[in-house]
Amino acid sequence: MSAEQQHRDGQAADPGPRSLAQALRERDDASLGALLRSRPDLLHPVPTDVTQLATRAGTRASVLRALEHLDRFTLQAAEALAVAPDPASYQELLDLLAGDDGDEEVAGALPATVALLRERALVWGGEDRLRLVRTARELLAPSASHSSPTGLGPSVAEATSGMSPGRIQAILTAAGLPHTHDTVSAVAALSALFADRERVAELLEGAPEASREVLTRLVWGPPYGQVTAEPAAHLRWLLDRGLLLPTTPGTVVLPREAALSLRGGRAHRVPEPTRPRVAVAAERKPQVVDAAAGGQALAALDTVEELLRSWDEGGPAVLRAGGLSIRDLKRTATVLEVPEPVAAFWVELAYAAGLIASDGGYVEEHHDRHDRPDADAEGYEDEETRDARTRRRSGEAEHYAPTPEYDAWRDLPPAERWAWLLEAWLPGTRAPGLIGGRDGRDRTLSALGPGLDRSPAPEVRRRVLELMAGLEPGQAPDPATLLERLRWERPLRSAGPRREQPEPPRTGVRPAYGGGVAANDPEALRTKLTEWALLEAEMLGVTGRGALATHGRALLGAEGRSEGAGAGTAAGSARAAVVAALLAPLLPEPLDHVLLQADLTAVAPGPLVRPLAEALGVLADVESKGGATVYRFTPGSVRRALDAGRSATELHAFLDRHSRTPVPQPLTYLIDDVARRHGLLRVGAASSYVRCDDESVLDEILADRRATALRLRRLAPTVVAAQADPRTLIEGLRAMGFAPAAESAEGDVMIARPHAHRTPPRTPPAPVPDGPPAPDTTLLTAAVRAVRAGDRAATAPRKETPQAPGGLPRTSPADTLATVQAAAMTGESVWIGHVNAEGAASQRLLAPLRVEGGYVTGYDHTADEVRTYALHRITGVAELADEPDGAEPAR
């Protein structure tokens, strides 16, 4: 027995429910819970009863969201129902999808598809009376102005609705049909002709070749065409026989019945009942994949640390419109030694993880023309702008800087720091790849600026990882088939037939990151989000050499962030703990030594422990990064260490302690030479002055032409005054080859230590979800219980009673009190009208338990709980009608 026969045999012969509300009312609690889980927007707020639930499920916004979450074949089934008769039988739906020749795959997949549409409350009715929800039919059905997504146009009856009776009779005659006495029968006869495959074939045997070519172009859609006032002979042949019907002046359409006959009964050219398979592009050993991913994870940590270290004393200014300027992004890319789009990704990741934020000062009015808002270009200045100018004059500039969370993050082990970043990346809705593109108002999208949130981004990232996890360990997916699978799972609904998709990246070709995407092109956006997810996963170390690593699989298997844990807190997430434990063995242990070389360089063969890395970063400049980091010692770097308070003796001891090779003599000489000259000159504040015990040095400075701009004047044999501030004076003397040191008012050498700038406590940016979150089991259970209780209360019969405006019962206070007292004694339920303190009116089915002190306490069937109501807020009471024999009264 075939699948569709089993499906039909398992259904009752009755016509089924008469409305969507009745269909939902007949469901069990598990089925209602499945509906609310698949369409969480129906829960906000919780419906009061099944009727309200059905009404909300048929609203345009809710139906649109439900359609957008269907896979391609389920959407094809809904589109087929939209062009089928209303109601349609299961067999009619199967014929539209499988065509005259049949299709075993379609027949096997259709029962589950119809069940899914029923579960989502998009289809209701009995087996022989399948009905698509009216709003969905309006969205998917063709009209006189646009075709269905199937490429089919309006039916003969719809296309001829405004046509004169004489014209319809003329079409019948030309098509070889007998004359009728009314328009209805004429339209029915023409529809029957076009629906008959053999009669259509006979009709077209006498058609000109050009006429058949026109039908071939229109048959799969779009079915509309343009004609002139005097159409050509081959078009006139089609118009005379109704194979082309006019819709608007100059526009004709191929009727739906004729198109289906020419298509062989198929609503879609290519039904797709089977999800595409993700092909394997390459296969590698899992150990190789994990090792490569571990190296990428370590590089990701180094990059984020370098970014935050470069902003440690205060980062770039915040533009007035928000975000980084183009110039600042270029500087950041230069520091990180990566392309600008990749630098934007790391900046956005640190921002999403709560490690950087604005410090809250005034917003910089940048001079870059591309970053200035339109309002500023027009000379407009609001109160906020004037206030920003005032704060700027007082020195309160707003800059990006590390947050206090950065210090906590920096002290964690490397694996936990990486897990912290992943906890921000996976659910984040900001799409860094859009940076550099244009928004809907043709403004440039900037890093850390507004307009980067894209709600599908988290779903695309997670689904990409899930599909990769479905392959065997070590297998890298083919990006083209991965993208096609995602398109099948979430096809984008359009007003016309599906067109050819943009060609995905070929296997082995690495697409470039970033580049933006058109603001009004959702298809291109989803394609780009998929490409970016693959690239970001590789840059972060979730994947290695194109395959999902072991710790990447753990991202999908463990629980997410626990409730109450701070954003970015790795310890607050069970998932982060599992991922960190799997990644830790792949990361090298930090080293406490370097290798000094005779060319004034030091090689760190791996990551260094934090105290050593920080001290070496002051004493030497980073020359190159990679598997090993090369530091170079220069006079300027040694002077920097001396300015930070280190003595030459301490520097020698530091190098002896942390070098696995002997300290080279050139390095020893360099340190001693810089130390001997360091502090020989002393600069203080008069405007400023230079003090030196060696008079010959001061003579040399005064004789140097480069000192002219400093406007020096000798006050004493060992003191020279300058008309420049101390900082300018120090920089000028250093440019002349000297090594001056700043001194305090007491004459002590001032130690120059870097000042770490931190923002006030900040919370990471909250993701912008695609609709309400999925409800948990507790909420679903409570919601189903409330809907059932409200439905029992709403459907309970009542006796006729005077009503106030709004349908509330209306009785006098004395009658109200007497009725509820009697109900409390007999245990009966009554209808009450109630107005709360906010003035909201409602009807409640109440079983009074106690009446005293001006209040009535009873079991509220509508809310399914015991409640107390003030008698003076009850508008009236109505007794329940007598139950028919065999009926159970509401309790």
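In this structure, Glu283 contributes its side chain and Gly474 its backbone to no donor-acceptor pair below 3.5 Å. The main-chain N or O of Thr550 is found under 3.5 Å from a side-chain atom of Asp290 such that the two form a donor-acceptor pair.
The salt bridge (Lys or Arg N to Asp or Glu O under 4.0 Å) check on Arg660 picks up nothing, with sequence neighbours excluded. Checked against salt bridge (Lys or Arg N to Asp or Glu O under 4.0 Å), Arg462 has no partners two or more places apart in sequence or in another chain. When the salt bridge (Lys or Arg N to Asp or Glu O under 4.0 Å) test is applied to Asp672, no partner is found at least two apart in sequence or on another chain.
In this structure, a donor-acceptor pair under 3.5 Å is absent between the side chains of Arg639 and Thr634. With no hydrogens or angles considered, a side-chain donor-acceptor pair links Thr444 and Arg438 at under 3.5 Å. Side-chain contact check for Thr661 and Ser659: at least one donor-acceptor pair (N or O, by modelled atom type) lies under 3.5 Å. No side-chain donor from either of Asp621 and Ser637 sits under 3.5 Å from a side-chain acceptor of the other.
For the pair Arg410 and Asp407, the salt-bridge criterion is met [side-chain N within less than 4.0 Å of a carboxylate O]. Checked for salt-bridge contact, Arg545 and Glu538 miss the test: no charged N lies under 4.0 Å from a carboxylate O. Between Arg734 and Glu731, no side-chain nitrogen of the basic residue sits less than 4.0 Å from a carboxylate oxygen of the acidic one, so the salt-bridge criterion is not met.
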- Task: Go through the steps to decide whether Glu536 and Arg461 satisfy the test salt bridge (charged side-chain N to carboxylate O under 4.0 Å, His left out), and finish with yes or no.
- Result: CA-CA 9 Å; Glu536 290 168 4; Arg461 288 193 199 106; 3.5 Å; yes

- Worked check of ring pair (Phe, Tyr, Trp, His ring centres under 6.0 Å) between Trp311 and His399: CA-CA 10 Å; Trp311 291 10; His399 290 79; over 10 Å; no

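Taking OG1 of Thr543 as the reference point, atom CZ of Arg553 lies at 11.5 Å (rounded to 0.5 Å). Residue Asp359 holds its CG atom at 10.0 Å from OH of Tyr400, rounded to the nearest 0.5 Å.
For the pair Arg430 and Tyr351, the cation-pi criterion (under 6.0 Å, within 45° of the ring axis) is not fulfilled.
Counting heavy atoms from C-beta on, the side chains of Val622 and Val630 never come closer than 4.5 Å.
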